[in-house]
Chemist: 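Structure incoming, see below.
A, B, ... follow the sequence lines: proteins, then strands. Residue 1 opens every chain.
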Amino acid sequence: MILYAVTFEKLGKMRQQLAICRPNIDFQKKRHLHCTSMKKDVVFLLMKTLEALCITSPPSIEIEVPREKTFGDLSTPLAMGIAKVLKKPPKKIAEEIANKLQASYIFEKVEIAGPGFINVTFTQSYLHSSLQQLLSAEKSYLRENIGNGKKVLVEFVSANPTGPLHIGHARGAAAGNALCNLLEESGFKVDREYYINDAGRQVKLLGLSVYARYQQLLGCDVSFPEDGYRGRYIDDEAVALLAEKGEGYKETSFDLCGADITSWTYSRMLELIRTDLRRFGIKEFDFWVSEKEIFSRGEVRDAIESLKQNGLIYERDQAFWFRSTAFNDDKDRVVIKRDGEYTYFASDIAYHKNKLERGYDIIVDIWGADHHGYIPRIESVMQAFGYDITKFKVILVQMVNLMKQGEPFQMSKRAGTFVTLGEIIDLVGADITKFIFLTRKADSHLDFDLDVVTATSAENPVFYVQYANARISSILANARDQGIEAGQGADLGRLGESSELGLIKKLLLYPMVLENAARTLEPHRITFYLQELAGMFHTYYHDHRIIGADAELSRARLSLCKGIKIVLSDALAILGVSAPDKM
RNA sequence: GCGCCUGUAGCUCAGUCGGAUAGAGCAACUGCCUUCUAAGCAGUGGGUCAGGGGUUCGAAUCCCUUCAGGCGCGCCA
């Protein structure tokens with residue numbers, strides 16, 4: 001299990017930050033260490049050791065958590081990695097490194113195992129003082145600033161405003177929300193964006209559908225549009241329209257009143273979407289970008305014109321094509337149709353140009369996995385405007401298979417067989433739904449069985465984690481009633497049992513979990529960590545009395561509990577899941 | 001036909017630029033409430049990492065190939 005890897009370039013930077021680069025440093029000195037996380041302490045020491053051994057060319061330093069407890073607390077395969085370059089056997093290199101490391105006060109043991117792993121075990125005093133740091137610094141101790149203020153734009157959900165959100169949108173919303181929180185907490189400056197496809201015929205069709213139902217309500221024989229939306233919510237909108245606007249549109253042709261009805265319905269749909277997202281616990285979007293406005297500001301025209309000037313647009317068969325094959329795409333794409341209309345892709349070009357020009361360091365699009373075929377053409381757009389595609393990341397969110405009693409439940413907006421996000425929230429709950437989504441990586445298929453997720457608590461891992469937090473809250477409250485305040489001058493040295501030391505180590509791994517999740521854009525790693533930490537706590541709780549006769553020991557254990565609670569609630573907050581104090 | 005994704009325990013899924021004896025939850029079975037929250041704990045069983053080949057100190061992970069499933073390949077939106 002690799003938790004950290006740095007290139008030597010990055011190490012150079014760390015070295016500068018730490019402002020110490022003498023070889024032959026005194027490993028007994030404490031002052032250079034312990035200003036940062038457990039991982040950084042180890043990486044720093046390894047780096048110094050390599051310097052002292054005049055090893056200057058290794059590719060990277062990886063820090064892993066070994067599977068087996070007997071292999072120590074952390075481990076590095078470093079020696080195997082550099083064996084080839086140094087033309088020395090890995091075990092020999094590992095030995096030299098280990099001998100040097102041994103001298104550091106933070107290690108109880110430094111061992112060589114297997115083909116050349118270096119396994120380190122921390123001293124109890126190191127663990128105790130690290131826990132103390134966590135308790136006093138809280139959030140700041142848990143953070144690795146990997147973003148460095150870089151600006152990130154994350155676009156997600158972006159569902160057409162032609163109806164309520166459904167469970168597929170919810171998965172994208174949960175993923176995007178957690179990712180944004182995670183990046184923000186990792187030192188990035190994040191903007192959340194929702195792109196509204198309000199220019200095409202879909203919105204017009206929405207208005208037409210409501211118009212038809214409205215006329216039918218008034219007994220007028222207006223035929224329903226063939227591709228119209230047949231969901232029940234359309235009927236509701238027609239009823240609402242009648243209630244609000246009266247019979248004023250009766251027997252009026254769509255040409256005359258269509259614009260009114262469409263915009264009335266459209267804004268209500270958008271409001272519905274916003275409400276559902278809010279109820280789902282998704283943080284407010286910073287920007288709602290309207291496709292229509294991109295058109296009306298002339299950005300589509302300008303974007304195509306700019307490509308044209310670069311010779312990337314040509315005419316064929318009375319249509320205009322973007323030469324995306326000049327980049328990564330397998331065929332050129334039409335941007336202006338034979339009838340003179342722009343294609344959907346044309347506004348996508350303009351929209352992504354717009355994104356690029358806003359000066360972000362990283363642009364993340366979260367799409368439904370069925371759009372994966374669009375990646376090459378959007379990447380082509382990026383390149384056509386002279387940007388590096390490495391700053392563009394697409395996260396594909398796989399479909400959710402909604403199930404009922406083990407059977408697939410087919411949804412169709414047009415057909416009207418539809419379970420809305422609002423209904424899911426009422427039926428299942430926002431926390432459960434979000435947590436289940438975040439327990440899988442985005443790009444994996446997911447069955448969401450309404451009967452399973454609502455049935456027993458055991459099926460819902462979110463309770464398991466929240467319960468640990470609530471238990472601790474309850475214990476802390478209990479202690480407070482007895483006049484004991486956690487974290488106040490406790491002697492953490494009293495935490496000497498292996499379960500206690502194990503919990504401390506687990507807490508100290510949290511910053512690395514966050515960092516890794518942020519680096520890979522995979523928040524689900526946090527979810528797995530949470531379940532492990534909660535599990536360790538439940539076991540500990542079961543076997544130990546926190547508040548007991550020994551006042552000193554009680555205070556120490558309360559401090560440990562507080563540390564666990566800090567991490568649990570922090571991680572849940574990043575996932576966008578609540579951490580109740582009582583359950 | 002071409003491209004992308006997926007294939008890991010009965011089920012749902014983790015497994016980190018390739019690392020040590022492949023993990024968790026659920027389901028099944030067996031125990032644990034006079035205690036700070038039993039939405040909990042402890043234990044047991046469960047594997048040809050879809051198949052085959054290659055790369056190397058070392059492969060679930062990388063490459064090739066076969067098979068199975070999903071999705072995408074519009075002058076639709």
Chemist: Between protein and nucleotides 68-70 of chain B, what N or O pairs are separated by less than 3.5 Å?
Modeler:
none

Chemist: Quick one: list whatever passes ring pair (Phe, Tyr, Trp, His ring centres under 6.0 Å) with Phe322(A), sequence neighbours left out.
Modeler: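 Result, ring pair (Phe, Tyr, Trp, His ring centres under 6.0 Å) vs Phe322(A): none returned.
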Chemist: Report the residues that fulfil side chain to side chain donor-acceptor pair (under 3.5 Å) with Glu522(A), sequence neighbours left out, ordered by chain and then residue number.
Modeler: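 Checked Glu522(A) against side chain to side chain donor-acceptor pair (under 3.5 Å); matches are Arg525(A).
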Chemist: When you check the gap from the basic side-chain N to the acidic O, do Lys88(A) and Glu95(A) get nearer than 4.0 Å?
Modeler: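 Salt bridge between Lys88(A) and Glu95(A), a charged N being under 4.0 Å from a carboxylate O: no.
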Chemist: Taking any strand in view, what nucleotide pairs with C26(B) in a Watson-Crick or G-U wobble way, both distances under 3.5 Å?
Modeler: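 Pair assignment: C26(B) / G10(B).
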Chemist: Reckon Phe528(A) touches a base, only the sugar-phosphate, or nothing at all at heavy-atom distances under 4.0 Å?
Modeler: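 Counting heavy atoms under 4.0 Å across all strands, the contact made by Phe528(A) is with sugar-phosphate only.
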Chemist: Reading RNA chain B from 5' onward, which residue's closest nucleotide shows up sooner: Asp330(A) or Gly200(A)?
Modeler: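 Of the two residues, Asp330(A) wins.
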Chemist: Closer than 4.0 angstrom, basic N to acidic O: yes or no for Asp330(A) and Arg333(A)?
Modeler: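 Judged by the 4.0 Å cut-off on N to carboxylate O distance, Asp330(A) and Arg333(A) do form a salt bridge.
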Chemist: Regarding Asp332(A), tell me which of base, sugar-phosphate or nothing describes its non-hydrogen contacts under 4.0 Å with the strands shown.
Modeler: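 The residue Asp332(A) makes no contact with any strand.
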Chemist: For Asp339(A), answer base if it contacts any base atom (sugar-phosphate contacts may also be present), sugar-phosphate if it contacts only those atoms, and nothing otherwise; contact means non-hydrogen atoms under 4.0 Å.
Modeler: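 If one applies the 4.0 Å heavy-atom cut-off, Asp339(A) turns out to touch nothing in the nucleic acid.
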Chemist: For Asp443(A) and C13(B), what is the distance between atoms CG and C1' respectively, to the nearest whole Å?
Modeler: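 Roughly 14 Å, once rounded to whole Å.
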Chemist: What is the distance from CG of Leu530(A) to P of A39(B), rounded to the nearest Å?
Modeler: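 Rounding to the nearest Å, CG of Leu530(A) and P of A39(B) are 20 Å apart.
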Chemist: I'd like to know if Arg525(A) reaches the base of U16(B) with its side chain such that a donor and an acceptor end up less than 3.5 angstrom apart.
Modeler: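 Such a pair exists between side chain and base.
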Chemist: The criterion is ring pair (Phe, Tyr, Trp, His ring centres under 6.0 Å); which residues satisfy it with Tyr510(A), sequence neighbours excluded?
Modeler: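 Tyr510(A): ring pair (Phe, Tyr, Trp, His ring centres under 6.0 Å) contacts with Tyr529(A).
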Chemist: Under 4.0 angstrom, heavy atoms only, what part of the nucleic acid is His524(A) near: base, sugar-phosphate, or nothing?
Modeler: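 Sugar-phosphate contact only - His524(A) comes under 4.0 Å of backbone atoms but never of a base.
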Chemist: For each nucleotide in nucleotides 29-38 of chain B, reading 5' to 3', give B when a protein heavy atom comes within less than 4.0 Å of its base, S when such contact involves only the sugar-phosphate, and - otherwise.
Modeler: ------BBBS
Chemist: Please give the nucleotide sitting opposite G40(B) as a Watson-Crick or G-U wobble pair, both distances under 3.5 Å, or none.
Modeler: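 Partner of G40(B): C32(B).
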Chemist: Using whole Å, what does the distance between atom C1' of nucleotide C4(B) and atom CG of Asn328(A) come to?
Modeler: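 After rounding, the gap between these two atoms is 13 Å.
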Chemist: Within this structure, what is the CZ-to-P distance between Arg377(A) and C76(B), rounded to whole angstrom?
Modeler: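 The distance from CZ of Arg377(A) to P of C76(B) comes to 13 Å, rounded to the nearest Å.
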Chemist: Checking all strands, does Ser75(A) fall into the base, sugar-phosphate, or nothing category for heavy-atom contacts under 4.0 angstrom?
Modeler: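 Base contact - Ser75(A) has a heavy atom under 4.0 Å of at least one base atom.
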Chemist: Can you name the salt bridge (Lys or Arg N to Asp or Glu O under 4.0 Å) partners of Lys308(A), sequence neighbours left out?
Modeler: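 Residues passing salt bridge (Lys or Arg N to Asp or Glu O under 4.0 Å) with Lys308(A): none at all.
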Chemist: Please report the distance, rounded to the nearest Å, between CD1 in Ile118(A) and P in G19(B).
Modeler: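 Rounded to whole Å, this separation is 17 Å.
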Chemist: Tyr374(A) side chain N/O closer than 4.0 Å to the phosphate oxygens (OP1, OP2) of C71(B)?
Modeler: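 Tyr374(A) to C71(B) OP1/OP2: no side-chain N or O under 4.0 Å.
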Chemist: Only pairs at least two apart or in different chains count here, so list each salt bridge (charged side-chain N to carboxylate O under 4.0 Å, His left out) that has a residue in residues 539-551 of chain A.
Modeler: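 Listed once each, the pairs are Arg494(A)-Asp550(A).
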Chemist: Name the residue closer to the 5' end of RNA chain B, choosing between Phe117(A) and Ile336(A) according to the nucleotide with the nearest heavy atom.
Modeler: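 Its nearest nucleotide being more 5', the pick is Phe117(A).
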Chemist: Check side-chain contact (heavy atoms from CB on, under 4.5 Å) between Asn478(A) and all other residues, then give those that pass, not counting sequence neighbours.
Modeler: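 For Asn478(A), the residues satisfying side-chain contact (heavy atoms from CB on, under 4.5 Å) (neighbours in sequence not counted) are Gln482(A), Ile547(A).
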Chemist: What is the pairing partner of C4(B), taking Watson-Crick or G-U wobble pairs with both distances under 3.5 Å in any strand?
Modeler: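 Paired with G70(B).
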Chemist: Counting side-chain heavy atoms from C-beta on, which of A14(B), C75(B), A77(B) comes nearest to Lys441(A)?
Modeler: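 The answer is A14(B).
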Chemist: For this output row, return yes or no: ring centroids of Tyr351(A) and Tyr195(A) closer than 6.0 angstrom.
Modeler: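 Centroid separation for Tyr351(A) and Tyr195(A): below 6.0 Å.
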Chemist: Restricting to side chain to side chain donor-acceptor pair (under 3.5 Å), what partner residues turn up for Thr343(A), sequence neighbours left out?
Modeler: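 Expected list: none.
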Chemist: Hey, does the side chain of Lys69(A) come within less than 4.0 Å of U21(B)'s phosphate (OP1/OP2), counting only N and O?
Modeler: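 Checking U21(B) against Lys69(A), no side-chain N or O comes under 4.0 Å of OP1 or OP2.
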Chemist: C17(B), C71(B), G19(B): which one has an atom nearest the side-chain heavy atoms of Asp370(A)?
Modeler: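 For the Asp370(A) side chain, the nearest candidate turns out to be C71(B).
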Chemist: Please give, in whole Å, the distance from G40(B) C1' to Gln531(A) CD?
Modeler: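 Those two atoms, CD and C1', are 15 Å apart.
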Chemist: Using the P atom in both, what is the distance from C13(B) to G7(B), to the nearest Å?
Modeler: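 Their P atoms lie roughly 10 Å apart.
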Chemist: How would you list, by chain and number, every residue that makes a salt bridge (Lys or Arg N to Asp or Glu O under 4.0 Å) with Glu552(A), sequence neighbours excluded?
Modeler: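 Testing Glu552(A) for salt bridge (Lys or Arg N to Asp or Glu O under 4.0 Å), a comparison that skips the adjacent residues, returns Arg555(A).
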Chemist: Between Asp227(A) and Arg201(A), does at least one N-O distance fall below 4.0 Å, as a salt bridge requires?
Modeler: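 Yes, charged N to carboxylate O under 4.0 Å.
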Chemist: Report the residues that fulfil salt bridge (Lys or Arg N to Asp or Glu O under 4.0 Å) with Lys441(A), sequence neighbours left out, ordered by chain and then residue number.
Modeler: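 Checked Lys441(A) against salt bridge (Lys or Arg N to Asp or Glu O under 4.0 Å); zero matches.
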Chemist: Ile472(A) has an atom CD1; how far is it from atom C1' of G40(B), in whole Å?
Modeler: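 Whole-Å distance recorded here is 13 Å.
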Chemist: Strictly under 4.0 angstrom, non-hydrogen atoms only: write out the protein contact profile of nucleotides 54-63 of chain B, one letter per nucleotide from the 5' end, B, S or -.
Modeler: ----------
Chemist: Centroid separation under 6.0 Å, is that true for the rings of Phe437(A) and Phe448(A)?
Modeler: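 Phe448(A) vs Phe437(A): aromatic centres under 6.0 Å.
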Chemist: The side chain of Thr539(A) is closest to which nucleotide in this list: C41(B), C17(B), A77(B)?
Modeler: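 Among the listed nucleotides, the one closest to the side chain of Thr539(A) is C41(B).
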Chemist: Does C41(B) sit syn or anti, given that only angles within 90° of 0 count as syn?
Modeler: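 You should classify C41(B) as anti.
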Chemist: Rounded to whole Å, please give me the gap between CG in Asp449(A) and P in C13(B).
Modeler: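 Interatomic distance, CG of Asp449(A) to P of C13(B): 12 Å.
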Chemist: Kindly say if Lys337(A) contacts the phosphate of G74(B), meaning a side-chain N or O under 4.0 Å from OP1 or OP2.
Modeler: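 Indeed not, no polar side-chain atom of Lys337(A) lies that close.
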